[in-house]
Amino acid sequence: MNAADANSRSVSVQVRGLRKSFDGQPVLFGIDLDIQPGEIFVIMGPSGSGKSVLLKHIIGLESPDEGTILIEGQPIDSPGVMDKFRMAMVFQSGALLNSLTVGENVGLYLTEHRLKPPAEIARVVAEKLELVGLKGLEERNPSELSGGMKKRVAIARALVIEPQLVLYDEPTSELDPLSAVTIGEEILNLNQRTHATSIVVTHDRDLAFGVADRMAIILEGRIVFVGTPDETRRAPDPAIQKFLTSDFSFKPKSKL
Ligand SMILES: Nc1ncnc2c1ncn2[C@@H]1O[C@H](COP(=O)(O)OP(=O)(O)OP(=O)(O)O)[C@@H](O)[C@H]1O
Ligand SMILES: [Mg+2]
C-alpha cells in the first residue's frame, strides 16, 4: 500500500482501561471500547455521565490518569501519532469564531497552515458549505445564524481537513426536532461519502438510533452496554431500559 492509500483510509479506535478523575472526583471508571474503521459509533448517556470527557481523551485534548487510546493500533501519546491521522471534532458549542465570517471559519485550517492558495481555499469552502446545505453563506457572520446553521458550519469546518475520524459532541443539542433530523441525515450522508470513522456522543435517543451502526451506553462513567441498535433495544439491564424509555418531557401544568 502506498502512502496516499494509508492516508485516505478510515481508522480504528481503541480505548483501553481509561480512568480519569478531576480534583479527586472520578469521572471515567475504566473505559474499554473498540471502534471499527468506517463505522458510525454512538456513545449515548445522560448529562454528566462523562461523554464529552471521553471524547476529549480520544482526540487528545485530555490525558488519561490510567489507560490508553489507540488509533490504528498506535497509542496517541507516542511521538508523531497524532500528526499521522486526520481527525476533526465538532464541538458541543459549535465553537465558531464570531470575529470571522462563515467562509473564514470553514477555511481557517487551510488558511492558517497555508495549505492551498486563496482561490483554491474559496473553492473548498464553497464545496463544504454546499455539502451541509449552506451554499453561498460565506460572507455571513456566525452571529447571524441560527443554532442549527452554526452546527452545520462546524461540520463543514471539520470536513475541510478530509478527516479519517470525525467526532461529534451533541450535534443536535439546541436544535428543534426537524433540524435534528437534518443533522442526523448529514452525519449519515457524510459517513457514506467520506467513509470516515464517526463517533457521535449524544443524549438524543432518536439521533442515536437513527445513525448508529453500533452504540455504547455510558452511565456514571462506565460503559454498561455495547451493541447494534436492535441489541441495545433488547438489553436486559433495567438501568439501560430506564434510560431508553423514560419520558423526559415536561407534563403540562394542568395534568400535575
Ligand atoms: N475540566 C474539568 N474539570 C473538572 N470537572 C470536569 C471537567 N470536565 C468535566 N468535568 C466533570 O466530569 C463530569 C462529566 O462531564 P462531561 O462533560 O463528560 O458530561 P457529559 O456526559 O458530556 O454531559 P452533557 O450531556 O451534559 O454534555 C461532570 O461531572 C463534569 O462536571
Ligand atoms: Mg457533553
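Computed from heavy atoms alone, side chains included, the values below leave out hydrogens, waters and symmetry copies. As the structure is a computational prediction, the values presented were derived from the model and not from experiment. Nothing fancy with the numbering, it's 1 onward along the sequence. As the structure lists them, so they are numbered: ligands from 1, and atoms in each ligand from 1.
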Please state whether the separation between the Mg ion (ligand 2) and some N/O/S atom of S52 is under 2.8 Å?
yes

If you measure every N/O of [X] against every N/O of ligand 1, is any gap under 3.5 Å?
X	value
F22	no
V27	no
D23	no

Using a strict 4.0 Å cut-off to heavy atoms of S47, name the atoms of ligand 1 that fall inside it.
23 (O), 24 (P), 25 (O), 26 (O)

Ligand-side contact atoms (ligand 1) for residue partner P46, heavy atom cut-off under 4.0 Å
21 (O)

Within-shell test, G45 vs ligand 1, heavy atom, strictly < 4.0 Å
no

Residue-ligand contact G221/ligand 1, heavy atom below 4.0 Å
no

Pairs of donor and acceptor atoms involving the side chains of residues 216-223, under 3.5 Å and at least two apart or interchain, shall be tabulated with distances.
none

Considering only NZ, NE, NH1 and NH2 on the basic side and carboxylate oxygens on the acidic side, decide whether R86 and E162 come within less than 4.0 Å.
no

Strictly below 4.0 Å, N to O, side chains only: are R16 and D34 in salt-bridge contact?
yes

Side chain, backbone, both or neither: which part of Q25 comes within less than 4.0 Å of ligand 1 when only heavy atoms are counted?
neither

